K.L.:
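Supplied in structure tokens, the structure appears directly below.
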Amino acid sequence: MRGRARAASSLAALCAVSLGCATALKEPRPLGDLAGLGPGNAPPADPVEIATLVSGAEALFAERDVDKAKTAVLMFLRAASADKAPIEALLGAVRAQVWLTDHETDPRARVQAAMAAVEAAQWCGRLAPLDPECDYWLGAALGVQARERPSTGLSALPKIEELFRRSAQALPTLDEAGPERALALLYVRAPGWPTGPGDPDLGLRHARTAVELRPDYPPNHLALAEALSATGDAGAGRLEYRRALDLARAMAARGDRDASEWAADAEKGLRDAGVE
Amino acid sequence: MYGAAAHAPSAPKTLVVCAPGYPADTAAAQPTMNAFAKLAAEAAGWRAESLRALYDQTAEGGLQRLAAPDAVFALVTLPFFLQNEAGLRLAARLQAVQESGAAETWSLAVRRGRVASPAALDGWEITGGAGYAPEFVRGPVLGGWGALPTSARVTFTANVLSALRRAAAGEPVAVVLDGPQAKALETLPFGPDLEIIARSDPMPGTLLCAVGGRLPPKQADEFVRGLERLHTRPGSAEILKTMRLLRFEAVDRQALDAARRSFAAARAPAGAAP
């Protein structure tokens with residue numbers, strides 16, 4: 001399996017969009033431009049160098065530090081700009097840029113990261129059109145772009161829905177049942193009928209599927225909690241927030257670098273849900 | 001006597017946007033609110049940073065924000081306005097022209113063939129995005145059709161699709177729909193199982209109001225005039241589109257007065273003169 005993707009916090013923000021009219025997808029810049037390769041700075045040609053760049057970028061991104069993630073993005077993209085580069089290089093760049101969109105404090109930097117994530121994901125889909133991970137990560141990138149640039153929401157929502165549906169069908173266990181989790185959040189948070197695809201009942205079904213596929217993954221319980229609350233079962237929602245919190249704390253104790261954020265999300269969910 | 005001394009020309013002013021039952025939440029809407037506030041302030045001839053705008057999708061949250069002394073304008077749905085006009089001293093100044101039009105016509109959908117008259121709703125749940133203001137549903141929305149039985153419960157839901165599913169499945173649920181929802185009913189897979197049994201008169205949908213006379217009339221007028229020509233300003237189309245608005249125009253006073261009278265009659269205790 002490719003490196004564990006960990007889109008949870010990004011996807012938790014997905015679809016917090018209003019509807020606007022700007023185009024979500026434009027022609028992406030050449031990969032060399034995205035990688036910041038100037039004249040006389042050729043892409044790597046040696047397969048060993050490419051592999052070293054990708055593994056080094058993975059290691060840097062694993063530290064979940066903003067500056068290191070930025071460096072990782074450039075390394076991923078430099079590797080991706082090579083002929084016959086592995087698709088993992090582009091996927092790594094998208095994952096790191098989506099993560100940066102959630103963790104940059106400067107709004108302009110968040111917008112830039114989101115737009116660059118969309119461009120890298122577009123290249124991923126062009127170079128590996130049958131790869132469900134490219135679909136999934138383009139959906140995630142469009143989601144964070146819609147949050148940072150609400151005017152892209154209108155054109156993005158149907159595309160996001162299609163991408164997540166396709167990846168759910170092709171590889172439902174990807175990113176710990178990420179496509180099902182993402183669909184759950186899409187249907188719970190998107191504007192409802194007839195304005196948008198929002199449908200909390202449908203969101204609940206996808207959240208249940210995500211938990212069935214990967215019951216030990218805290219973000220799946222967070223999504224189920226939110227879906228239960230949105231469909232009027234606040235009591236069951238609180239139980240799911242509690243499950244997510246317990247699982248996240250256990251993972252944090254084992255050294256998982258994302259788990260403390262999930263625990264914080266669960267604690268907030270419990271606070272918002274109020275006392276039973 | 002208007003407002004506190006805090007509303008000197010340079011004091012910060014807040015526009016509170018409140019639309020219970022409609023999409024987005026405060027955080028998600030903030031970038032759009034920031035852009036709208038800047039645009040509206042500039043249209044009024046004010047410094048861009050002198051106005052901020054906040055969105056709240058709950059009636060409770062909107063009320064709380066409007067209670068703060070810096071809240072000088074409100075952009076609210078008609079049910080919210082009628083419910084809080086007196087309490088918050090809201091003065092309607094403009095109506096928003098939405099993509100679906102400035103006037104809103106409300107409808108009541110039920111399972112086909114189940115309801116022939118208001119009396120048939122005995123013990124039913126009547127739900128929808130306007131249900132947070134039960135008098136609005138009993139009065140302006142359905143008053144023209146007839147008086148609802150007192151046993152009918154008016155409830156709020158933001159999840160209208162789910163309510164329509166329940167109605168189509170035969171539960172004793174009637175669903176209050178706004179214009180776009182009623183228009184889209186036939187696109188639902190279970191749309192043929194439902195029918196519209198009542199329609200309201202057209203009435204304003206969303207109103208721009210001055211709050212509590214907190215702003216001197218000269219400043220309030222500047223702002224209103226600015227909003228009336230907002231749609232002609234460069235860059236306004238995308239922001240207005242994001243809010244699903246086309247422009248602002250003068251309030252249809254006749255339609256508003258009719259809604260106000262109907263609301264008051266529904267609010268009055270049974271047997272009281274309308």
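Residue numbers begin at 1 in each chain, while the letters A, B, ... track the order of the sequences. It should be emphasised that the depicted structure is a prediction, and the values quoted were computed from it without experimental measurement.
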K.L.:
Non-hydrogen atoms of chain A under 4.5 Å away: do they reach the side chain of Thr157(B), the backbone, both or neither?
P.N.:
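Contact with chain A is absent: no heavy atom of Thr157(B) under 4.5 Å.
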K.L.:
Is atom CZ of Arg114(B) surrounded by more than 12 heavy atoms (other residues, nucleotides or ligands) closer than 6.0 Å?
P.N.:
yes
K.L.:
Only one of Thr231(A), Asp201(A), Asp199(A) forms a side chain to side chain donor-acceptor pair (under 3.5 Å) with Ser162(B), so which one is it?
P.N.:
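Of the listed residues Thr231(A), Asp201(A), Asp199(A), the side chain to side chain donor-acceptor pair (under 3.5 Å) partner of Ser162(B) is Asp201(A).
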K.L.:
Where along residues 194-207 of chain B does a heavy atom come under 4.5 Å of chain A, listed by residue number?
P.N.:
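Near chain A, by residue number: none.
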K.L.:
How about CD on Gln64(B), more than 12 heavy atoms from neighbouring residues, nucleotides or ligands closer than 6.0 Å, or not?
P.N.:
no
K.L.:
Working to the nearest 0.5 Å, report the span between CZ of Arg165(B) and CG of Leu202(A).
P.N.:
7.0 Å
K.L.:
Is atom CD of Glu171(B) surrounded by more than 12 heavy atoms (other residues, nucleotides or ligands) closer than 6.0 Å?
P.N.:
yes
K.L.:
Could you report the tightest heavy-atom contact between Pro180(B) and Pro194(A), atom names first, then the distance?
P.N.:
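Nearest heavy atoms, Pro180(B) then Pro194(A): O-CG, 3.7 Å.
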K.L.:
Tell me, side chain or backbone of Leu188(B) under 4.5 Å from chain A's heavy atoms, or both, or neither?
P.N.:
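Looking at Leu188(B), just its side chain touches chain A.
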K.L.:
Between Pro107(A), Gly198(A), Pro200(A), who has the most heavy-atom pairs with chain B when the cutoff is under 4.5 Å?
P.N.:
Pro200(A)
K.L.:
Report the distance from atom CG of Asn159(B) to atom CH2 of Trp193(A), rounding to the nearest 0.5 Å.
P.N.:
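It comes to 11.0 Å.
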K.L.:
Does a sphere of radius 6.0 Å around CD in Glu186(B) hold more than 12 heavy atoms from other residues, nucleotides or ligands, not counting ones at 6.0 Å or beyond?
P.N.:
no
K.L.:
Run the ring pair (Phe, Tyr, Trp, His ring centres under 6.0 Å) test against Tyr241(A) and tell me which residues pass, sequence neighbours left out.
P.N.:
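By the ring pair (Phe, Tyr, Trp, His ring centres under 6.0 Å) rule, Tyr241(A) matches no residue at all.
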K.L.:
Give, as side chain, backbone, both or neither, the part of Leu240(B) having an atom under 4.5 angstrom from any heavy atom of chain A.
P.N.:
neither
